[in-house]
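Just so we're on the same page: letters track the sequence lines, and every chain starts at 1.
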2 protein chains.
Amino acid sequence: MKDKVFAKGQDGIRDIFHARKLKCTPQRLSVFKVLEESETYLSINSIHAKVKALLPGTGLATVYRSLDTLIDLGLVVKVHLEDGCHSYAVAPEGHRHPIVCTECNRVIEFAECPLDKISEKLSKDTGIEIQNHFLQLFGKCRGCSA
Amino acid sequence: MKDKVFAKGQDGIRDIFHARKLKCTPQRLSVFKVLEESETYLSINSIHAKVKALLPGTGLATVYRSLDTLIDLGLVVKVHLEDGCHSYAVAPEGHRHPIVCTECNRVIEFAECPLDKISEKLSKDTGIEIQNHFLQLFGKCRGCSA
DNA sequence: AATACAATTGAGAATCTTTCTCATTTGAGT
DNA sequence: ACTCAAATGAGAAAGATTCTCAATTGTATT
């Protein structure tokens with residue numbers, strides 16, 4: 001419990017890659033590791049910098065490609081921060097949504113999804129078959145309010 | 001009712017600009033008009049094209065600047081589409097959220113905000129002072145399901 | 001352990017998006 | 001009409017993302 005890095009296990013990740021006939025490369029593992037070790041959403045440039053610390057020489061394009069792959073596998077999520085920029089984080093277990101601290105960018109996940117309850121009603125009311133939703137909350141965390 | 005363009009009235013808009021000591025320019029009015037006339041969220045390039053049809057010679061930078069101004073005034077909202085690109089639409093009256101059709105990009109607003117009910121509870125649970133939220137639904141509209 | 005092959009990578013070019021600069025124009029108050 | 005600050009157009013600049021292609025590297029097979 002003291003170390004949440006590779007919570008899914010390195011072998012777990014390896015299997016996920018192999019199941020999709022993707023190679024398990026050190027670059028992909030490093031990108032994931034960097035995100036797992038971070039408490040906050042990270043921008044591309046932060047990720048690139050941290051990955052290069054683990055694996056010098058890693059190119060920016062590879063970071064983009066690895067993130068796309070990880071997103072495709074459902075291991076990582078891409079979020080839109082308020083300033084319009086993109087950032088990335090490990091995908092939460094189950095269906096959850098993030099609360100992003102507007103001061104420190106730290107992220108807290110919350111499990112209760114209020115959409116579940118109203119989706120069906122909404123589908124009836126609007127005639128739209130709801131497929132998906134995107135929800136993020138913004139606020140000030142305990143540390144930053146103090 | 002047959003024409004919802006300038007629902008706020010041209011004079012209303014003029015007053016909003018003047019109250020903030022901003023100039024009421026044809027470029028800004030055109031950008032807003034283009035969005036009011038559209039049923040869907042529009043990308044920068046669509047907006048630019050449509051604005052140029054109304055006001056030839058309008059520069060792209062001006063469209064960006066006008067949108068920023070309109071967002072700042074609360075007249076327009078910027079949204080994140082699933083492909084990661086930004087688009088823009090007139091801001092809905094009151095507190096509403098959009099349902100975006102994944103096929104045709106058309107937008108339907110819905111008024112019921114499920115966050116109101118749970119925000120307070122969430123603040124207590126997490127210790128985070130919730131300030132804001134971003135919610136979008138995606139689905140297939142009646143026309144596109146058929 | 002060595003081999004072969006397709007997938008992946010690094011590097012930089014290319015593209016796309018957004019912002020900036022600055023000379024010129026224009027809205028709005030006088 | 002006159003003045004002045006604000007806004008614009010054009011293109012440069014900056015930043016973000018994707019593409020290209022030769023070289024490298026996982027993985028399955030021997």
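- Regarding A:K21, its NZ atom lies at a distance of 13 Å from the C1' atom of C:dA7, rounded to whole Å.
- Residue A:Q27 has no polar side-chain atom (N or O) positioned under 4.0 Å from OP1 or OP2 of D:dG26.
- Dashed line: the shortest gap from a side-chain N or O of B:N45 to OP1 or OP2 of C:dC16 is not under 4.0 Å.
- Listed pair B:H86 / C:dT17 fails the phosphate criterion, with no side-chain N or O lying under 4.0 Å from OP1 or OP2.
- The side chain of A:R28 contributes no N or O atom lying less than 4.0 Å from OP1 or OP2 of D:dG26.
- Of the side-chain N and O atoms in A:R65, none sit less than 4.0 angstrom from OP1 or OP2 of D:dC19.
- The distance from atom CZ of A:F17 to atom P of D:dT27 is 10 Å, rounded to the nearest whole Å.
- At D:dT18, none of the side-chain N or O atoms of A:Y64 fall inside 4.0 Å of OP1 or OP2 (strictly under the cut-off).
- To the nearest angstrom, C1' of C:dG29 lies 16 Å from CG of B:L22.
- Looking at heavy atoms from C-beta onward, A:L137 lies out of side-chain contact with A:H97 at the 4.5 angstrom threshold.
- Remark: the A:K23 side chain and the C:dA7 base include a donor-acceptor N/O pair separated by less than 3.5 Å.
- If you take CG of A:D68 and P of C:dA7, they are 18 Å apart, rounded to a whole angstrom.
- Proximity note for A:A61 (side chain, C-beta onward) versus D:dC19, C:dG10, C:dA28: the nearest is D:dC19.
- Contact between the side-chain N/O atoms of A:T25 and the OP1/OP2 oxygens of D:dG26 is not found at any separation under 4.0 Å.
- Residue A:R14 places its side chain closer to D:dT27 than to any other of D:dT17, D:dT27, C:dA28.
- For the pair A:K33 and A:L54, the minimum side-chain heavy-atom distance is below 4.5 Å.
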